[in-house]
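Working notes, beginning with the structure itself.
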Amino acid sequence: MSAFVEIRGVDKNYGFAKVLHGVDLDVARSSVTCIIGPSGSGKTTLLRCINQLELLDKGYVRVDGCYIGYKLRGGKLHQLSGREAARERADIGMVFQRFNLFPHKTVLDNIIEAPVLVRGVSKAEARERAHRLLDRVNLRDKADAYPSQLSGGQQQRVAIARALAMEPKLMLFDEPTSALDPELVGDVLDVMRDLAATGMTMIVVTHEMGFAREVADHLVFMSDGVIVEQGHPREVLAAPKQDRTRAFLSKVL
Amino acid sequence: MPSVDAVHTTPPSGAERTASPAEKVPPLAHRVRPARVLAVIAVGLGAAMLVHALVTNPNFQWSVVGQYLTTNTIVVGVLTTLELTVLSMAIGIALGVVLGVMSQSANALVSGAGWLYVWFFRGTPLLVQIIFWYNLASLYPKVSVGIPFGPSFVHGATNSMITPFAAAVLSLGLNEGAYMAEIVRGGLLGVDRGQAEAAHSLGLTRFQAMRRIILPQAMRLIVPPTGNQTISMLKSTALVSVISMTELLHAVQQIYATTYQTIPLLIVASLWYLAVTSVLSVGQYFLERKLGRGNRSHASGRGGLVRQIIRALRVRPDSPEVSAS
């Protein structure tokens, strides 16, 4: 049986710069995978390749058996149309480092926008679901606030609720706590921990080693566009096998 | 950074604030600013001279100005000017949005076509374009609408279609499109790239993301310069007097061609232009307030225009700023 997320031989170049170089990775269903590594190691790019914010130069990504951004026809992978690609992305939630909430919409409108527009859910139903999601991220009284009236931690929790409103089968987190003040990090990690407990498949690019050790089922260390080492977080963090992993961990732990 | 909850806690009571007994505080003295005094005198003198000249020089013929200000020909001219402004701006804005979005296209042919349009229409004088459209018949005596290189459905003589009014609207609108395209492009570039990425990651198509997320935010940057362009357009309509389109300037020209009261009639026209631009400026002021930067949380809030203006005028308690680390 193949993995829920299957990444094979992925290359990504920006001009002459090789950002990803033959990356292979398997992610099991309902597992939490954390990707760590120094900046410029390609971990964010890898995450963005999973929902087609970046196009691959080589290799493929499959989620739940479907090729991402492509379809197999006559033994070749053909790129999807914009509409088809959008439909695939709708099933993969993403949370950004800089939140990227829509500043011209209230919290509630941020959350119901995509379900109404993309899924065709009725506004009343979308609102009801949005309120339940806000409850889940402990922001029940912020439905009518605008993003600029919220703290960074609150904004990021709204962003998580917004992604969950699409009922995704996979959630991607791109350094979700890196832009937050230290005392606000905990609230966001709590929400992510709760989400992991519900059985959501999550891939998290992070610098939060504590979160990785505690919540992740699988830890991946990347450097210079390749996966250097991977395994159970406690093993990788406690007894790294590679010199590069050891050097990185000695700086951040 | 304080959390929102901390900001909204009740302020300390009055008793705590007035703790220490009143000490003797020396009052603040105003400094005399010599340069400012001089400036006031200079401006006052200039204003007095200007008023004196306007009142005492009989050649202004203020009675003639009063006599013509609201005559039928002039009022019809003003209405025509307004009509030209509205129609040309409508064409310009619609064209500008299309061209501005085209300029963002990943397809080099599409963005190139947009660029070429702006290059041509911004690079030739408006007056030349006006005369060009007016004389279109000498280039293409007949116009037809149909399938390219195939059969045509509607056709007629160019002269009967390109009236002075059509030539005026066409030339002003197409020219405006080039300037609006640049304004729209600037507005689109002003929206953070993360907004499009967030929209795409939620499954919105490129078109949906543009319409629902990017364009509404770009509006904040597009609307204020568009107000400027409207005021500029109002004055540019005077140029179509050269193709005997009877707008405001041509109306006064027709009168002074027979009465030789050139100056007072130009004053009549100027007063009308000033009146309309003043009204437009006030409108622009309120529009900018509504969309202003300091009010970004309510940038495109719900509710009618009046309610939004009231909301914009109301002082709101400081909201905690977004974490910028």
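Chain A is the first sequence line, chain B the second, and so forth, proteins listed ahead of strands; every chain is numbered from 1.
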Going by residue number, which parts of residues 81-92 of chain A are within reach of chain B, meaning a heavy-atom gap below 4.5 Å? Arg83(A), Ala86(A), Arg89(A), Ala90(A), Ile92(A)
Inspect the surroundings of CG in Leu109(B) and state if more than 12 heavy atoms from other residues, nucleotides or ligands are less than 6.0 Å away. no
Find the distance between CZ (Arg119(A)) and CG (Leu202(B)) and round it off to the nearest 0.5 Å. 10.0 Å
Atom pair NE2 (His200(B)) and CD (Gln52(A)), whose distance is rounded to the nearest 0.5 Å: 11.0 Å
Measuring from atom NZ of Lys105(A) to atom CZ of Arg212(B), what distance do you get when rounded to the nearest 0.5 angstrom? 4.0 Å
Can you tell which of Ala114(A), Ala163(A), Gly153(A), Ala145(A) has the highest number of heavy-atom pairs within less than 4.5 Å of chain B? Ala114(A)
Look up atom CD in Glu113(A) and atom CD1 in Ile213(B), then write down how far apart they are to the nearest 0.5 Å. 4.5 Å
Using a 3.5 Å distance criterion without hydrogens, assess whether the side chain of Asn51(A) forms a donor-acceptor pair with backbone atoms of Ser201(B). no
Quick check on Leu172(A) against chain B: is it the side chain, the backbone, both or neither that has a heavy atom closer than 4.5 Å? neither
Working note: Arg48(A) + Glu197(B), criterion side chain to side chain contact (heavy atoms under 4.5 Å, CB included); need CA distance, chi angles, decisive distance, verdict. CA-CA 10 Å; Arg48(A) 290 164 61 88; Glu197(B) 290 184 349; 2.6 Å; yes
What's the spacing between Asn100(A) CG and Asp192(B) CG if we round to 0.5 Å? 6.0 Å
Counting heavy atoms not belonging to Arg206(B), are there more than 12 under 6.0 Å from its CZ? no
What residue in Ala198(B), Gly203(B), Ala199(B) has the most heavy-atom pairs under 4.5 Å with chain A? Gly203(B)
Does any pair with a residue in residues 168-194 of chain A pass ring pair (Phe, Tyr, Trp, His ring centres under 6.0 Å), and if so which ones, sequence neighbours excluded? none
Which atoms of Phe102(A) are under 4.5 Å from chain B, going by heavy atoms: the side chain, the backbone, both sets, or neither? both
